[in-house]
Number of protein chains: 2
Amino acid sequence: MSESANHDIYFVPGLHRGLRVLEILGAAKTPMSLSEIARAMDLSRSSAFRLVYTLRQMEFLKDGEQKNTYTLGAKVLNLGFAYLSNQPITTIARPLLAKLRDTTGVSTHLSVLEGHNVLYLGSHQARTGFVSNMVTGTRVEAYATAIGWCLLSGKSDAELAAFCKGLDMPPITKHTPTSFQTLKARVDQMRTDGFVVSHGFREPGGSSIAVPVWDQVGKVVACVNLSGPDSGFDFDKLKSFYLPETKATALRISRELGYEGSN
Amino acid sequence: MSESANHDIYFVPGLHRGLRVLEILGAAKTPMSLSEIARAMDLSRSSAFRLVYTLRQMEFLKDGEQKNTYTLGAKVLNLGFAYLSNQPITTIARPLLAKLRDTTGVSTHLSVLEGHNVLYLGSHQARTGFVSNMVTGTRVEAYATAIGWCLLSGKSDAELAAFCKGLDMPPITKHTPTSFQTLKARVDQMRTDGFVVSHGFREPGGSSIAVPVWDQVGKVVACVNLSGPDSGFDFDKLKSFYLPETKATALRISRELGYEGSN
DNA sequence: GCCAATTGTTTTGTATATAAAACATCAATA
DNA sequence: TATTGATGTTTTATATACAAAACAATTGGC
């Protein structure tokens, strides 16, 4: 706190609040009025007015259907996709994930670790059955998911301990690790197996396979993942077909990133 | 100008410059250093420092691979996808566009008009042949494309004239309309046909079908679009199969939006 | 290994962004 | 139609964000 406090002279309040306006409008399902924004941010209307004025002029906000209401503008989309295309792995992985989806018939995903969360960078939905909501850009807690354990396998024990420090880990299901020790057990298991297969760990009736992607220096940088409702999986084919296909795809992505190991 | 000038007392400069930092880093293919950012924005290093400091603390920027370099952070992705999910049409249209892709085997897209540009909201790539780059979030000039004419068909002649006012319309190909009159001719053609079919209007060897989507009050709000390389199209099937399928999909989306017309 | 040039960080006087208050406009209710 | 409450906009005195300059740390060339 003391460190952040004596550095906060550098904080640009106008920028901070403007971005909060964007976050609040992003979280809101419906356009908001000036006064609603001001209240949500605990800010004077006059200040909110200036923020909205600026954001609107820059096309980061646009007018809602109702008069005097505002929503996110298209400029934020530009930023979002600039982010994606600046992640070289997404462009490398996309066609390979599409192919994996086509050969297996199951939804495929690419994700990375962002802080304590799993961040989905892209997905290819199964062509049969119900398709889930768009998952790109969504985050879930890493400690509680198979994908998270897969991504955490790149960390050393010390890093993993630091990861757990100050993180509360409520149990989502009875299989959820709730301490450093139990999480480490999961991650160690992943390290020896080279993959994670889960059934209903996070959502009842949902199964998934998670396999890591390595970069030049052998670091785990992403995770390839097959997932869907149990009804979409043919369990007989899981170990004989789905798993090897997923591992092959992850390895091909790793190779394109310069990985030269033999995992 | 006079109006915007005497209103600029309301402009929040910190916010304005902070967002420009994000835009510049989004446009850059590679992480940038503090000084590079300062130069790109024609700003003092000390000010750039404060902006970067704030953005980093809010996780809109994160550290690049190299030391003292910065890239867009994951928070901008959140905003981008908040924008998409706040557009009800994307969630309605997604499964229908996927289905259209599967029945035709050709890439499908949904787009809307944003200012003078066509903005792609989502796409489903063909399963065969080369897949294009991710197009969601990209923009192209409306006046020069079949999709643009389709989207502009919702405007009255007066609105279309206003649209052209002060817009320079360089010819992209020899078919590109370069004036209000020639653009209006294209749009009128679209209005009588109810669709646009184009071959190589924008990219040589590329073909596309564009059909409008209407909302409750019969306004054109979006465009459904099949497109791909000529080699991906079976031209015999175009009018007998692709076009009716595309129109049916657009109509189903329109119906879900509350459209009750018979187009 | 030295020097020069470039970059990141801190300080500080001054120009200016800010929030309170006043004002204007609108919507709802009696 | 008059009255009340809430919202959007403008003004203005004051707190503060800002850029120049100084400083520190790093890098590159000879």
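All values below were derived from every heavy atom in this structure, side-chain atoms included, with hydrogens, water molecules and symmetry-related copies excluded. Bear in mind the structure is a predicted one, so any value in this text is a computation, not a measurement. Residue numbers start from 1 in every chain, and the chains themselves are labelled A, B, ... in the order their sequence lines are given, proteins ahead of strands.
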Worksheet item: Can you tell me if CZ on B/Arg252 sees more than 12 non-hydrogen neighbours from other groups inside 6.0 Å?
Response: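 Open: at most 12 neighbouring heavy atoms sit under 6.0 Å from CZ of B/Arg252.
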Item to complete: Count the heavy atoms belonging to other residues, nucleotides or ligands that lie under 6.0 Å from CD of B/Gln216, then report whether that count exceeds 12.
Response: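 More than 12 within 6.0 Å, yes.
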Within this structure, what is the [atom1]-to-[atom2] distance between [X] and [N], rounded to whole angstrom?
{"X": "B/Asn68", "N": "D/dA25", "atom1": "CG", "atom2": "C1'", "answer": "10 Å"}
{"X": "B/Met32", "N": "C/dT7", "atom1": "CE", "atom2": "C1'", "answer": "14 Å"}
{"X": "B/Gln66", "N": "C/dG8", "atom1": "CD", "atom2": "P", "answer": "12 Å"}
{"X": "A/Arg39", "N": "D/dG8", "atom1": "CZ", "atom2": "P", "answer": "9 Å"}
{"X": "B/Ile9", "N": "D/dG8", "atom1": "CD1", "atom2": "C1'", "answer": "15 Å"}
{"X": "B/Phe11", "N": "D/dT10", "atom1": "CZ", "atom2": "P", "answer": "16 Å"}
{"X": "A/Glu36", "N": "D/dA6", "atom1": "CD", "atom2": "P", "answer": "14 Å"}
{"X": "A/Leu51", "N": "D/dT9", "atom1": "CG", "atom2": "C1'", "answer": "15 Å"}

Worksheet entry | A/Ala48 vs B/Tyr70, nearer the 5' end of DNA chain C by closest nucleotide |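 The residue mapped nearer the 5' terminus is B/Tyr70.
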Response to the item:
Of A/Arg17 and B/Leu34, the one whose nearest nucleotide on DNA chain C sits closer to the 5' end is B/Leu34
Discussion item. Consider side-chain contact (heavy atoms from CB on, under 4.5 Å). Of B/Val220, B/Ile147, B/Val118, B/Leu113, which one does B/Leu152 pass it with?
Written reply: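 Among B/Val220, B/Ile147, B/Val118, B/Leu113, the one that satisfies the side-chain contact (heavy atoms from CB on, under 4.5 Å) with B/Leu152 is B/Leu113.
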Worksheet entry | Parallel, tilted or perpendicular, as decided by the 30° and 60° cut-offs, for the rings of A/Tyr259 and A/Trp214 |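 Answer is parallel, since the angle falls under 30°.
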Compare the minimum distances between each of [options] and the side chain of [X], then state the nucleotide with the smallest one.
{"X": "A/Arg45", "options": "D/dT9, C/dT7, C/dA17", "value": "D/dT9"}
{"X": "B/Phe49", "options": "D/dT11, C/dT9, C/dA20", "value": "C/dT9"}
{"X": "A/Ser35", "options": "D/dC18, C/dG8, D/dG8", "value": "D/dG8"}
{"X": "A/Pro13", "options": "D/dA17, C/dG8, D/dT11", "value": "D/dA17"}
{"X": "A/Arg50", "options": "D/dG8, D/dT9, C/dT18", "value": "C/dT18"}

Response to the item:
Ranking B/Leu15 and A/Ser46 by the position along DNA chain D of their nearest nucleotide, the one closer to 5' is A/Ser46
Worksheet item: Closer than 4.0 Å, any side-chain N/O of B/Tyr10 to the OP1 or OP2 of D/dT9?
Response: no
Would you list the atom pairs, donor with acceptor, under 3.5 Å between side chains in residues 24-34 of chain A and any protein atom, with sequence neighbours excluded?
from    : atom 1 : to      : atom 2 : distance (Å)
A/Ser33 : OG     : A/Glu36 : N      : 3.3
A/Ser33 : OG     : A/Glu36 : OE1    : 3.4

